[in-house]
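Notes to accompany the following structure.
One-based numbering, in listed order, for ligands and for the atoms of each.
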Amino acid sequence: MRLARLASAVAIVVLAVASLLAQEKPSGKSVKAIRFGKLWDAKGKLWTNAIVIVQDGKIRSVTTDASSIPAGAEVIDLSHYSGLPGLIDVHTHMTYYTDETPGEPMRNQLQNRPAAVEVFLARKGALRTLEAGVTTVRDLGADQYMDIAMRDLINRGEMIGPRMFVCGYGLYITSSPYKPGWNPPAGGAADGVPEVLKVVRQQIAAGADVIKMYGSTGTDDDVTGFETYTYEEMKAAVDTAHQFGKKIAIHSYGPDGARDAVRAGTDSLEHATDMDDATIQEMAKRGTFYVPTIDHNRYYVDNGDRIGYAPGFKDRLQAFIPRNLETARRAFKAGVKLAMGSDAVYTMYGENTRELGWFVKAGMTPEQALQTATSNAAALLGKQMELGAVAPGYLADLVAVEGDPLSDINVTLNKVKWVMKGGEVVVDKTKKTPGQ
Ligand SMILES: [Zn+2]
């Protein structure tokens, strides 16, 4: 018995060493030096002629001194472009990918596909997300732990996509009508404090990085915002998440769920429209992040016919958008920290950063908008020492854009030319095609 155990322990060590060696290969020992014409580091500095030295997937230094480029380093010349930290989208649904099969409403596609098929297809959305300059996402809601599978496949290098922080099932109140002979999957359904505790613990046990709770009605073309969970249920979810060192995001379309979510101590509040002044003041005081997700309703207006929404969806959504924008404007003015969340779903992957255009409309400078997708978003993830900045010790997530992102936010939305994630180039559109 003992010998067998020893042998298996040795085998585990050998395997661990072997996998470490295997992991080292893709990132490599080689050093890279990336030159940018301008570099916004999200630490308050705009560099001219910056050189970012990258080693083992991390940023070793930022300099303007070419003589400090180590001998033998691979030099990547992006001096015609501006550099930014890899962007972070704090609200996605990567596993709700749909293609554009003609005649099949996108909603039906999601219901009809097995989980394994859905995860495989989702790699396309993951690639489009990277192409938008988004190297990290916080994914807020999936079925059958597809998000955990996708996160792990990406971390193993089997799928190319943004680094994912995932929640498993979001918690929701019982809302399915009774159907004889059909038992809906347990998923995230939880009613009352004991069930909330159980379902939060279940997500943590399954490997979730963050907890998500649906604190109000409202999704897709339904823009009602009736509070679903009580304050006590929200408090139980928040406290249990925090007990295990996890953060929590609470969804509320309307002001009542928002008020209770903030009082309960949520780390971020998603969507919330028409918030009262007291709630906004409380968010500013507590440092609660607000993720307005304004642009996703614009996407629904543009694509609702293909998604399969009920008639009248455009009017409902179009009435909601200005209220959403106005709430964001009031919150920003009151000193609330905002983070960029797209709520990307269906075919929206790649449009993640359009949210920043709304933030500028809400009163931000382009630089303040970029902070919502870098330093603020990293702080919301609890990764402010690893992500969201170009500085020594940070993961080497870098984006090159054509133009000046600090004078025009559209440069970040439409002119991403090159992306590095963890020291590896994952997008490169800098090579000019013949004739250009
Ligand atoms: Zn969402």
Flag the pair Arg138 / Leu381 as yes when at least one side-chain heavy-atom distance between them is below 4.5 Å, and no otherwise. yes

Can a salt bridge be assigned to the pair Lys235 and Glu232 using a cut-off of 4.0 Å between side-chain N and carboxylate O? no

What count do you get for protein N, O or S atoms closer to the Zn ion (ligand 1) than 2.8 Å? 3

Would you mind reporting whether Ser342 and His296 have side-chain heavy atoms less than 4.5 Å apart? no

Looking at side-chain heavy atoms only, is the closest gap between Val262 and Tyr290 below 4.5 Å? no

State, without any angle test, whether Asp220 and Tyr346 hold a side-chain donor-acceptor pair at a distance under 3.5 Å. yes

Arg263: which residues meet the side-chain contact (heavy atoms from CB on, under 4.5 Å) condition with it, sequence neighbours left out? Tyr231, Asp260

